[in-house]
Protein chains: 2
Amino acid sequence: MAGVSVAASVHEQAALRLGGLDQRYTPVRRALVTTLATAGRPLSIPEILEVNEALPQSSAYRNVTALIEAGVVRRVTGVDDHGRFELAEELAGHHHHLACARCGTVEDIVPSPRLERAMDEAARVVAEEQGYQVTGHQFDLVGTCPTCQLAPDAPTMPNARGAL
Amino acid sequence: MAGVSVAASVHEQAALRLGGLDQRYTPVRRALVTTLATAGRPLSIPEILEVNEALPQSSAYRNVTALIEAGVVRRVTGVDDHGRFELAEELAGHHHHLACARCGTVEDIVPSPRLERAMDEAARVVAEEQGYQVTGHQFDLVGTCPTCQLAPDAPTMPNARGAL
DNA sequence: GTTGTAATGAGAATCATTCCCATATAGTGT
DNA sequence: ACACTATATGGGAATGATTCTCATTACAAC
């Protein structure tokens with residue numbers, strides 16, 4: 001556990017999926033995967049750049065996009081407009097999110113199997129009624145995080161425009 | 001829109017909530033509320049401008065923001081980055097969304113009471129574990145809409161940028 | 001009507017994200 | 001190792017949505 005404590009399978013999967021598109025698993029991409037894998041929550045590009053100081057913005061965007069196309073990463077939309085990114089569920093496991101309406105932070109949560117089943121079923125039924133082909137669902141909770149609960153009363157933060 | 005078949009109570013509520021913040025329920029704001037109320041799905045600013053041709057962009061953004069602050073409108077984030085807007089649940093009723101991963105369109109759906117109850121419960125449990133104060137949830141389905149299913153394979157549609 | 005406050009609209013400014021392109025690097029075959 | 005070709009990189013310019021600025025206008029209360 002010197003530098004990176006990321007399961008080897010994650011990197012293998014990433015390399016494999018990129019390879020399928022004739023794309024390489026370069027150092028920059030490996031760094032991105034490592035960053036996302038160790039974060040435990042979806043990160044925005046600015047947050048990724050904070051962790052990888054030498055990484056140019058354009059490379060971050062370009063490679064996150066490449067990883068998304070390869071199915072290694074997925075984009076999460078939270079309370080604000082910032083794109084946030086996390087490893088695809090096949091690599092990180094299925095889970096949901098808890099977003100703070102004040103500061104915009106998003107955390108991972110794991111729902112009960114029962115709820116999960118109910119949601120899957122509901123998804124199928126409702127979507128088929130509309131003629132959609134369902135490819136996934138998103139169940140996100142919105143609230144106020146412990147930190148922001150303590151803060152006096154910042155007016156719902158600059159970021160957190162009209163969340164639920 | 002002429003005859004405007006929007007429940008009077010919606011406008012009353014809007015006026016009331018704006019009034020509470022010393023803000024007026026002006027013609028522009030009324031037009032926005034009417035547009036959103038009759039759409040039946042969340043609209044992006046470009047879409048709103050399409051319906052209200054004479055409306056300047058800056059007024060649209062400014063007033064949507066004002067309506068959000070007054071609790072009349074809420075922002076919805078779908079598959080792409082476009083902000084989409086709809087009437088607050090207190091005015092339009094609680095519901096969820098079905099988003100097309102291709103073109104980004106978002107439709108309203110009404111889930112079963114059973115699922116709704118399960119989600120509320122799960123929300124409470126999970127959030128309390130994390131010390132959050134839950135204020136709401138969001139259950140969105142992602143899929144491919146009937147129209148996009150027919151299209152060969154446009155790579156995530158041009159819509160992702162402009163209006164619908 | 002006068003006065004004060006809020007609203008409007010046109011355009012400038014901001015900010016995240018994407019695009020462009022010249023250079024660097026990995027992978028492959030020799 | 002050598003050359004060759006495709007992909008990746010990074011710096012900066014371009015794009016596009018959203019926000020801000022400000023002079024002007026409309027409304028409400030006096």
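Here is the naming used below: chain letters follow the sequence lines, and residue numbers restart at 1 for every chain.
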**Q** Between C/dA7 and B/Asn63, is there an OP1 or OP2 to side-chain N/O distance shorter than 4.0 Å?
**A** no
**Q** Side chains of B/Leu36 and B/Ile48: closer than 4.5 Å at any heavy-atom pair?
**A** yes
**Q** Output the rounded distance in Å from CG (B/Leu49) to C1' (D/dT18).
**A** 12 Å
**Q** What's the CZ-C1' distance between A/Arg30 and C/dA26, to the nearest Å?
**A** 15 Å
**Q** Just N and O in the side chain of B/Ser44: are any of them under 4.0 Å from OP1 or OP2 of D/dA17?
**A** no
**Q** Kindly point out which of D/dT7, C/dT17, C/dT8 is positioned nearest to the side chain of A/Arg75?
**A** C/dT17
**Q** In whole angstrom, give the distance that lies between atom CG of B/Leu43 and atom P of D/dA17.
**A** 16 Å
**Q** Where the side chain of A/Ile45 is defined as all heavy atoms beyond and including C-beta, which of C/dT17, C/dT8, C/dT18 is the nearest nucleotide?
**A** C/dT17
**Q** Within the 4.0 Å heavy-atom criterion, would you say A/Arg62 contacts the bases, only the backbone, or no part of the nucleic acid?
**A** base
**Q** Between C1' on C/dT8 and CG on B/Asn52, what's the gap in Å once rounded to a whole number?
**A** 15 Å
**Q** Report the distance from atom CG of A/Leu21 to atom C1' of D/dA8, rounded to the nearest whole Å.
**A** 15 Å
**Q** May I ask you to verify if any side-chain N or O of B/Arg24 is less than 4.0 angstrom from the OP1 or OP2 atom of D/dA28?
**A** no
**Q** Counting distance only, does the side-chain N/O of B/Arg29 pair as donor-acceptor with the main-chain N or O of B/Arg24 below 3.5 Å?
**A** yes
**Q** Name the nucleic acid region contacted by A/Gln23, choosing base, sugar-phosphate or nothing; use a 4.0 angstrom heavy-atom cut-off, strictly under.
**A** sugar-phosphate
**Q** Quick check: do A/His97 and A/Arg84 have side-chain heavy atoms less than 4.5 Å from each other?
**A** no
**Q** Send over the distance from B/Leu18 CG to C/dA6 P, rounded to a whole Å.
**A** 13 Å
**Q** So, B/Arg17 side chain and B/Gly71 main chain: donor-acceptor pair closer than 3.5 Å or not?
**A** yes
**Q** Answer whether the closest heavy-atom distance between the side chains of B/Leu55 and B/Leu32 falls below 4.5 Å.
**A** yes
**Q** Any donor-acceptor pair, under 3.5 Å, between the side chain of B/Ser58 and the base of C/dA10, if you only look at N and O atoms?
**A** yes
**Q** Taking the minimum atom-to-atom distance to the side chain of B/Pro56, which one of C/dA10, D/dT7, D/dA17 wins?
**A** C/dA10
**Q** D/dT18, OP1 or OP2 - any side-chain N/O from B/Tyr61 closer than 4.0 Å?
**A** yes
**Q** Over how many whole Å does the gap from B/Leu55 atom CG to C/dG9 atom P extend?
**A** 7 Å
**Q** CD of A/Gln57 versus C1' of D/dA14: gap in Å, rounded?
**A** 14 Å
**Q** Check the phosphate of C/dG9 against B/Ser59, side-chain N and O only, distance under 4.0 Å to OP1 or OP2. Yes or no?
**A** yes
